[in-house]
Amino acid sequence: MARYNHQVVEKKWQKIWEEKGTFRTSSDYSRPKFYALVEFPYPSGDGLHVGHPRPYTALDVVARKRRMEGYNVLFPMGWDAFGLPAENYAIQTKIHPAVVTERNIDRFRKQMQSLGFSFDWSREVNTTDPNYFKWTQWIFLKLFEHGLAYKKEMPINWCPRCKIGLANEEVVDNGCERCGHAVETRVKNQWMLKITAYAERLINDLDLVNYIERAKIQQRHWIGRSEGADVTFKIKDTQETLTVFTTRPDTLFGATYMVISPEHPVLETLKDRIGNIDAISAYQEEARKKSEFERAELNHEKTGVRVEGLMAINPVNNKEITIWVSDYVLMSYGTGAIMAVPGHDQRDWEFATTFGLPIIEVVSGGDISEAAYTQTDTGTMVNSGFLNGLDVDQAKAKITAWLQEQGLGVPKVNYKLRDWVFSRQRYWGEPIPLVHCKSCGWVPIPEEELPLRLPDVTNYEPTDTGESPLAKIRDWVETTCPSCGGAAERETDTMPQWAGSSWYFLRYTDPNNDQELASKKHLEYWMPVDWYNGGMEHTTLHLLYSRFWHKFLYDIGVVTEPEPYQKRTSHGMILGENNEKMSKSRGNVVNPDEVVEEYGADTMRMYEMFIGDFEKSVPWSTDGVRGCKRFLDRVWKLKDTMQPGDTYSEALEAKMHQTIKKVSHDYESLKFNTAIAALMTFLNDVHQVGSINEAEMKTFLILLNPVSPHLTEELWELLGFGGMLNEQSWPQYDEEKTIAQTIAIGVQVNGKLRGDVTVNLDDTQEVAREKVMANENIQRAIEGKTVVKEIYVPGRIYNIVVK
RNA sequence: GCCGGGGUGGCGGAAUGGCAGACGCUACGGACUUAAAAUCCGUUGGGCUAAGCGCCCGUGAGGGUUCGAGUCCCUCCCCCGGCACCA
């Protein structure tokens, strides 16, 4: 028989599927739907590497199975195509990013198609397409209209040599990624999105969805909700006050000084009263120079300067306490000021120890001369006036009520989550559709004028001032105010890459709509996404941003579901054969094209699923690829020995039902490796038996089809089974028939395996015991001992306890 | 430091508290071949062994619960990923 020629057969079926529109999503909305989503890639110049197909194949398997189960399946693909690499390439080569992007997309698409994914290519979206980003801009305008977009001074990473603002990922070891020069912090007025307004709902609604637990935990952690109180301290002899956020208002009697962040505004408003303003300014300057990295890397040695001339009043006992400036207090969290309770906060303790400040114990139970005592579940209040003798929880409640009565404080919930910096000083992103008018302020451009396109430029370098390259295109920047008709200037910052990916899954439901981002009808049917798989690196930001946008769109009535993704799973990385992350510089990149060429797409897909635990990282192995190829070759040869038969043979019936059960279940629970192992085991059993019959062959091919679709379709056709394989129904199993009637079970004596016996499944313990006791090994093992107890678990184990 | 995920043969990995190592790879032996590749068959956790079965040890370390622990509980060690003084 002819050897299997994967190159010819795979091309053949890819062509047939495309011509017949086999995987086009149906418009029959009376059928149950299944929306499978994988993260759309950034189409880089390097093309696909073998890590990409792992999640694509996984959900392709599920999508193909669902179609055979009668679902109307939406399984789309697109391009997250704005981004830095194309822009950096443009700076070097002067080639327009759109040109490069299109070239890269064509390459990616071709590579994906060669792998036989069942994407509905008619629904492809591209974030850089004006017909797409028109709606990204539209959503931004809605956010702006609803007061969720605002401008604020925010620090950026600045390279003084390249004169360019850098994204966090472009900062390597505190240096600029391209020139190595030390990166500084610069303050720029930037667009912000008020995601914090949704913090509570983003936490609570995690209860509505089925995400892998670690993803939920990461999200909760990132949002970082904490309950406490805002407490106001007066500054002596001034009208100013300092408000602090604390989660431990119970320790207020232990507050022996205050610390404010170097950026705190009171340093400006009261600077005339500050005795050592020069020292303070010097400290501020030092803090400004420190990058995030430096702050993080240093071993947290506390630095700071006392603010001379200012004293604060502790509201519970009217004691005067000193005020300090230190960079361990962050302006971006809470109020930028803290009350320091060195007895019960480790950071405050370190600071107080460094500067010789008083430490007072207010919760007993620890030794505050050694370390701060931070336990809250044990301990009793001391040195705390009317709180003495209470436990921590009681004290918290009492002091919070008291502060409220006195008008000195209010209960407060704080979040670590910060608003989303939405500006980039870059060319290759969606233009922000606002103009600035001297008399009207920021004015949105009219919706009819969307999309606001990028102007053509010749030079993609940012300006000396750190503004985007767009700032230099004066005839684009200068415009008229849509509101008053006067002279106005366009915003020249563009949106971050996160923007386009925050709603792309909505567009897939109705990709060509030019009236709305997607129509209600389509959204209602398809949303939410039933299963979304992506990398763990996107579980915080991308997931949170897109959930935020979706909730906003829900609030304004565009979408009808509160949450975009019903289920979220994650895949592990594929490493190089040397167990290191694949990268060009390490020289361990495996190109999927070569694998497809030599072994075929079916082998590639199977290996990617068989390689190991889907959720974990795993090194690539060329030998492992060959193993999968061998298996498929053996499947191919089955056709030569196939026997007639329209029911499963007696010899394989139980195995067949077990295999259907195992494979069906494992495909659903990300255990593709064990599903394939079960198929391999079945094939081994076929070889034991000597032949496979037609009924078994059909079932086997259907089970294998989602993983290796080309070869199975070809065999289906060659064997004349009728129709196309992908049109068949997913096989059913009979639970009764999965259970073998006789089974060998282990026999233990005192928990140690001493032999095995074959029993019938419905044997009583009496019958089983007779068989056990007839076994010579068992007789020897219990000889001369007293049987104390016997445990029989049918189908599992027989354990005899002896003394 | 905190959070999350792990630690099982030479390797990737299996195992609702019930025969640890399924399945695949590698390696070794054999068949086929002038030969090699491919393919097929067999062996493959370590040790002991009278060669007959069998016995001992073994899932990062130590303790515990249980008739029975890779799996549950406690203490500790190591690896990977994420976060960075969050008041």
Side-chain angles (χ1 to χ4, degrees), chain A residues 3 212-215 217-218 220-222 224-226 228 244-248 251 259 292-293 295-302 326-330 332-341 344-348 350-351 414-418 536-537 539-540 570 572-573 575 577 579 606-607 610-613 615-628 630-631 633-634 637 671 673-684 687 744-757 776-777 780-781 788-802:
Chain A
R3 225 184 123 86
I212 43 170
E213 199 52 32
R214 61 202 164 115
I217 290 168
Q218 270 194 32
R220 287 203 186 95
H221 199 76
W222 191 264
R225 183 183 196 278
S226 60
V244 302
F245 172 70
T246 176
T247 55
R248 297 292 306 277
T251 61
V259 187
E292 297 256 327
F293 180 83
R295 279 190 167 196
E297 208 47 24
L298 293 178
N299 44 358
H300 297 166
E301 248 169 57
K302 297 287 178 289
S326 176
D327 63 7
Y328 82 90
V329 176
L330 312 172
S332 51
Y333 181 79
T335 62
I338 62 155
M339 63 179 210
V341 184
H344 306 282
D345 180 287
Q346 190 54 33
R347 294 154 301 176
D348 297 343
E350 286 163 15
F351 190 85
N414 246 310
Y415 302 93
K416 275 198 256 184
L417 181 70
R418 296 170 198 178
M536 263 328 266
E537 67 274 25
T539 16
T540 44
S570 258
M573 250 189 305
L575 308 169
E577 291 206 71
N579 227 324
M606 170 170 262
Y607 179 62
F610 186 63
I611 189 170
D613 183 338
E615 301 194 74
K616 289 194 201 132
S617 307
V618 63
W620 185 264
S621 156
T622 303
D623 286 330
V625 177
R626 275 194 275 272
C628 290
R630 251 196 295 269
F631 171 74
D633 283 341
R634 295 215 292 161
K637 284 189 214 145
K671 299 192 152 218
N673 53 339
T674 51
I676 291 167
L679 290 168
M680 290 172 165
T681 305
F682 182 79
L683 182 64
N684 290 343
H687 280 263
I745 66 166
V747 183
Q748 298 177 331
V749 175
N750 286 348
K752 290 197 180 215
L753 189 68
R754 284 293 177 262
D756 49 43
V757 294
E776 277 180 39
N777 287 337
R780 195 158 354 112
V788 182
K789 193 175 176 183
E790 288 169 60
I791 295 114
Y792 176 51
V793 182
R796 295 284 180 193
I797 203 83
Y798 198 106
N799 189 12
I800 305 166
V801 186
V802 296

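Just so it is clear: chains get the letters A, B, ... in the order the sequence lines come, proteins before strands, and each one is counted from 1.
When all heavy atoms of A:Arg248 and A:Met339 are compared, the pair lying nearest together is O-CE, 3.7 Å. Residue A:Ser570 comes nearest to A:Glu615 through the heavy atom pair O-CG, 3.6 Å, listed as atom of the first residue, atom of the second, then distance.
The separation between A:Leu575 atom CG and B:C79 atom P is 17 Å, rounded to whole Å. Look at CG on A:Asn777: it is 6 Å from P on B:C55, rounded to the nearest Å. Atom P of nucleotide B:U39 and atom CZ of A:Phe631 are separated by 15 Å, given to the nearest angstrom. B:C40 atom P lies 10 Å from atom CG of A:Leu683, rounded to whole Å. In this entry the distance linking CZ of A:Arg754 with C1' of B:G68 reads 13 Å, nearest Å. Here B:G81 presents its P atom at 14 Å from CD of A:Gln218, a figure rounded to the nearest Å. Between the C1' atom of B:A87 and the CD atom of A:Glu350 lies a distance of 13 Å, rounded to the nearest Å. Protein atom CD of A:Glu615 is 16 Å distant from nucleotide atom C1' of B:A14, rounded to whole Å.
When the C1' atom is used for both B:U65 and B:C74, the distance is 11 Å, rounded to whole Å. B:A15 sits 12 Å from B:G7 when the P atoms are compared, rounded to a whole Å. Here, B:A31 and B:C80 have their P atoms 47 Å apart, quoted to the whole Å. Spacing of C1' atoms, B:C3 relative to B:C56, comes out at 43 Å, to the nearest Å. Here the separation of B:C2 from B:G18, taken at their C1' atoms, is 39 Å to the nearest Å. For the C1' atoms, the distance from B:G82 to B:G12 is 25 Å, rounded to whole Å. For the P atom pair drawn from B:A69 and B:U59, the interatomic distance equals 12 Å after rounding to whole Å. Straight-line distance between the P atoms of B:G46 and B:A22: roughly 13 Å, to the nearest whole Å.
Within the 4.0 Å cut-off from OP1 or OP2 of B:C86, at least one side-chain nitrogen or oxygen of A:Arg347 is found. For the pair A:Lys752 and B:A69, the criterion of a side-chain N or O lying under 4.0 Å from OP1 or OP2 is not met.
Closest-nucleotide positions on RNA chain B for A:Asp613 and A:Lys616 were compared, and the one nearer the 5' end corresponds to A:Lys616.
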Margin query: Could you go through A:Asp348 and A:Ile338, starting from their C-alpha distance and side-chain angles, then the distance that decides it, and tell me whether this counts as side chain to side chain contact (heavy atoms under 4.5 Å, CB included)?
Written below: CA-CA 10 Å; A:Asp348 297 343; A:Ile338 62 155; 3.4 Å; yes
Note to self: With side chain to side chain contact (heavy atoms under 4.5 Å, CB included) as the criterion, how do A:Ile791 and A:Val801 come out once you've worked through the C-alpha distance, each side chain's angles and the decisive distance to 0.1 Å?
What the structure shows: CA-CA 8 Å; A:Ile791 295 114; A:Val801 186; 4.2 Å; yes
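A:Asn673 places a side-chain heavy atom less than 4.5 Å from the side chain of A:Lys671. Here the side chains of A:Val757 and A:Tyr798 are not in contact, with every heavy-atom distance at 4.5 Å or above.
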Check: How would RNA chain B look in dot-bracket form, 5' to 3', counting Watson-Crick and G-U wobble pairs with both distances under 3.5 Å and writing | for bases paired to another strand?
Finding: (((((((..(((.....[....))).(((((.......))))).((((.....))))..(((((..]....))))))))))))....
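Out of B:C86, B:G12, B:C55, the shortest distance to the side chain of A:Pro619 is found at B:G12. Of the listed nucleotides (B:A87, B:G5, B:A15), B:A15 has the atom at the smallest distance from the side chain of A:Lys671. Closest to the side chain of A:Lys637, out of B:G54, B:U39, B:C56, is B:U39.
Judged by distance alone with a 3.5 Å cut-off, a donor-acceptor contact links the side chain of A:Lys302 to the base of B:C85.
To the nearest 0.5 Å, atoms OG1 (A:Thr539) and CE (A:Met536) are separated by 4.0 Å.
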Next item on the list: Any chance you could list the contact pattern along nucleotides 18-31 of chain B? Use B for base contacts, S for sugar-phosphate-only contacts and - for none, protein heavy atoms under 4.0 Å, 5' to 3'.
Entry: BB--BBSSS-----
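Using a cut-off of 4.0 Å between Lys/Arg side-chain N and Asp/Glu carboxylate O, A:Arg626 and A:Asp623 are scored as salt-bridged.
Taking the O4'-C1'-N9-C4 or O4'-C1'-N1-C2 dihedral as appropriate, B:G30 has a value more than 90° from 0 and is therefore anti.
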